[in-house]
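Worksheet: one structure, shown below.
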Amino acid sequence: MGMKVITTLGQAWASVSAEVTRQPIVWVHLRTALTGAGVLMLMSERSRRKTLLTLATQAPRGIRLIQKRGLGGPAVFVQVGFGMTACKTLPEQE
């Protein structure tokens, strides 16, 4: 009995999904949603980097800036004002 239900549901799902994917409007909406998500990710990463750059250029000597991992890059550790310092990758904090 259980296998019959699963098989019937699987066939119904296959026929519905095949019918839906034939409609061009589905692909238009999917493409629009994915493009929008990509643009939002790029804008948020640009904002994240711009904030770090602004903080690093305006920070007083001796300040340490730590930025957590973002969508487009690893965590960043910057020490301002004491010459060349090796950048460290911080452990992920969840």
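When reading the values below, keep in mind they use all heavy atoms of this one structure, side chains included, and skip hydrogens, waters and symmetry mates. Keep in mind that what you see is a predicted model, and the values were worked out from it rather than measured.
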**Request:** Grab the two heavy atoms, one from R48 and one from K68, that are nearest each other, plus how far apart they are.
**Result:** NH2-O, 2.7 Å
**Request:** Starting at CZ of R31, measure out to NE2 of H29 and round the result to the nearest 0.5 Å.
**Result:** 10.5 Å
**Asked** side chain to side chain contact (heavy atoms under 4.5 Å, CB included) with T32: which of T35, V28, L34?
**Response** V28
**Prompt:** Who passes side chain to side chain contact (heavy atoms under 4.5 Å, CB included) against L42, sequence neighbours left out?
**Reply:** none
**Item:** Those residues that, when tested against S47, pass side chain to side chain contact (heavy atoms under 4.5 Å, CB included) (two or more places apart)
**Value:** T51
**Prompt:** Other hydrophobic cluster members with L53, side-chain heavy atoms of Ile/Leu/Val/Met/Phe/Trp/Tyr under 4.5 Å, chained?
**Reply:** none
